[in-house]
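Down below is the structure, laid out as structure tokens.
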Amino acid sequence: MFDYTAPLRDMQFILKELAGLDAVGALPGCEDASPDLVAAILEEAGKFAAGVLAPINRQGDEQGCRLEEGKVIAPDGWQEAYTQFSESGWIGLSLPTEFGGQGLPKLVSTPVWEMWFSTNMAFTMLPQLNVGQAEALLIAATEEQKQTWLHKVVSGEWASTMNLTEPQAGSDLAATRSRAEPAADGSYRLFGQKIFISYGEHELTPNIVHLVLARLPDAPVGVKGLSLFIVPKYLVNADGSLGDRNDVRCISIEHKMGIHGSPTCTLSYGDNGGAVGYLVGQPNRGLETMFIMMNEARFGVGVQGAGLAERAYQFALNYARDRVQGRDAVTGESGKPILHHPDVKRMLLGMRARVMAMRALLYTAAGWFDFAHYSADKAVADKYRRYVDLLMPVAKGWCTEIGNDVCDEAIQVFGGMGFVEETGIAQFFRDARIITIYEGTTGIQANDLIGRKILRENGATLRELIADLGATAMALREDEALADIADAFAETVDALETATDWVLANGQDRIADVLAGAVPFLYLLGTVVGGWQLARAAQAARRRLVEGEGDAAYHSSLMELARFYLATVGPQAAAHAATVCEAGGALTRFDDSAF
């Protein structure tokens, strides 16, 4: 087992040079995000991640959770860690001060959450739900509801969940059957069953606030008939104290491949007269509100991909430095660590490049969130809001797929020892496997990207993004030392433009063919924007070298990292584009009966 070291140098470089920390800190409402404060926050978060969360990660995996007489018992150490986590104010880092948060930009909180996910993803899923629920309630809840629930959610005194999936419906929310019947006092009584509810039951907090999708008696069919309800585990009295246990109970927990320390529950509502719930927002418009929480979760899951990949990379790198085997390929010396083997070095460099690409994309997107939310310039806010919307499926889908790939390759670095649980690397692969699935599979993300984000607006925002990508390539060409990076990156942009033209030309008449290539298109866009971020990193590093600032060796390494990514990952862009344009026809022509 290897200790976690927060990658603070990489984080600080991306925040300052790529994600625009200084510009975000100048936005109205973000003035507290000074470089010194941000550096102090990251330092403390790194200590907490390494000193509190990482040490209990393994025992959480080994012990898992258990259901005893309706109560879910979390692993040893979970209670102490959660109490310390919530009392330290980490949950409210980017939430409003009005409700007890610290009001810092999303750009500041994103690297902090990456550290949590790196060191203990199963644990961190619990406070992550509070952030998503708080965002939803801030937008849709009444003032009375905010005063009742938000202070406790933001502080972490009460836990949060979101309840969407049902046994018969899966990802098809239109098939939701849970119902809500009006009560005389203005509340509702809920009946139904929800599955795959992360932290749906536990004893870590005195109350759990569930957000539940259900249908009113006169609701229209489909997703347009879903309403959203607050359903607490314990009812809350007028003075804020806890009252009776609500009619919601955990009837089972899942036995999963990974994230064993996180209880995944089946919840039953209304077995004894109906669970008391309170309508949030407008009737039959619950999915719109829930999507606020889901969007926060989707972005957070993308950060999980980067976090787990970073941890797996650190494990693999440390093992490669320690493991002595074979001869050095250049000198022929024996007794050298396997880090000197070209193929092992290839895997490690590829892992580092992809982690940096993901991290830079996610931090940059976090900065876009802040510009969209805080900027007084409506044109700037609108542009970055559209960029966030366009790339959200990529942030979730591509980053989780790459996170899986990196965790998989880390096992390969270990060789046979990677298949042995005692080395610890297998847990990250097992934990990472879920992230491509929950909050919408990669296929669902890709369909969202093609249908709602590209075809619905005839590619307008994507065209704007492609223009920005092209501008970066042109700027790189102005420096002869970056010309090769510019050319390699421009090839990926050309591939994206070709595939975009094809999708827009065929999106109406050949939609089945287009959707058959939706996942390859998502991979293509992720590959290109990941390369964009590393090209920008090379540009910033080159500027630092010319100015003679900072660590020259580090900045030179970033330029080589961009070259390696564009040489090894970049060519996949053309392959993905060809798949988008050519594979759909064969797929749709293939008769289902021939399987």
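All heavy atoms count here, side chains included; hydrogens, waters and symmetry mates do not. Keep in mind that what you see is a predicted model, and the values were worked out from it rather than measured.
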Qualifying ring-ring contact (aromatic ring centres under 6.0 Å, His included) pairs with a residue from residues 389-426, counting only residues at least two apart or across chains: Tyr319-Phe414
Under-4.0 Å salt bridge between Lys396 and Glu439: no
Atom of Gln314, atom of Pro7 and distance for their closest heavy-atom approach: NE2-CD, 4.3 Å
Phe429: partners by ring-ring contact (aromatic ring centres under 6.0 Å, His included), with sequence neighbours left out: none
Ring geometry between Phe85 and Phe48 (parallel below 30°, tilted from 30 to 60°, perpendicular above 60°): perpendicular
Side-chain donor-acceptor contact under 3.5 Å, Thr83 with Gln79: yes
Pairs satisfying side chain to side chain donor-acceptor pair (under 3.5 Å), at least one member in residues 535-545, at least two apart: Glu17-Arg543, Glu17-Arg544, Asp479-Arg542, Gln533-Arg536, Arg544-Glu549
By side chain to side chain contact (heavy atoms under 4.5 Å, CB included) - contacts of Asp551 (at least two apart): Arg9, Ala553, Tyr554
Closest contact, heavy atoms only, Ala74 versus Leu204: CB-CD2, 4.1 Å
Distance-only side-chain donor-acceptor flag, Glu401 / Thr442, under 3.5 Å: yes
For Tyr565, all residues meeting side-chain hydrogen bond (donor to acceptor under 3.5 Å, both in side chains), sequence neighbours excluded: none
Asn57 and Gln427: side chain donor to acceptor below 3.5 Å: yes
Closest contact, heavy atoms only, Ser334 versus Arg327: CB-NH1, 3.9 Å
Those residues that, when tested against Glu157, pass side chain to side chain contact (heavy atoms under 4.5 Å, CB included) (two or more places apart): Lys152, Ser155
Smallest separation among heavy atoms of Ile208 and Glu201, with atom names: CD1-CA, 3.9 Å
Shortest non-hydrogen contact between His576 and Leu524, atoms and distance: CB-CB, 3.7 Å
Pair Ser198-Ser262, side-chain donor/acceptor within less than 3.5 Å: no
Test side-chain hydrogen bond (donor to acceptor under 3.5 Å, both in side chains) applied to Glu421 - qualifying residues, sequence neighbours left out: Arg430
Side chain Lys345, main chain His340, donor-acceptor under 3.5 Å: no
Residue list, side chain to side chain contact (heavy atoms under 4.5 Å, CB included) with Phe564, at least two apart or on another chain: Arg346, Leu349, Thr568
Those residues that, when tested against Phe196, pass side chain to side chain contact (heavy atoms under 4.5 Å, CB included) (two or more places apart): Thr165, Glu254, Thr264
Greater than 12 external heavy atoms within 6.0 Å of Asp328's CG: yes
Side chain to side chain donor-acceptor pair (under 3.5 Å): pairs with one or both residues in residues 91-104, sequence neighbours excluded: none
Mutual orientation of the aromatic rings belonging to Tyr387 and Trp368 [parallel < 30°, tilted 30-60°, perpendicular > 60°]: perpendicular
Listed partners of Tyr313 passing ring-ring contact (aromatic ring centres under 6.0 Å, His included), at least two apart: none
Residues in side-chain hydrogen bond (donor to acceptor under 3.5 Å, both in side chains) contact with Glu296, at least two apart in sequence or another chain: Lys106
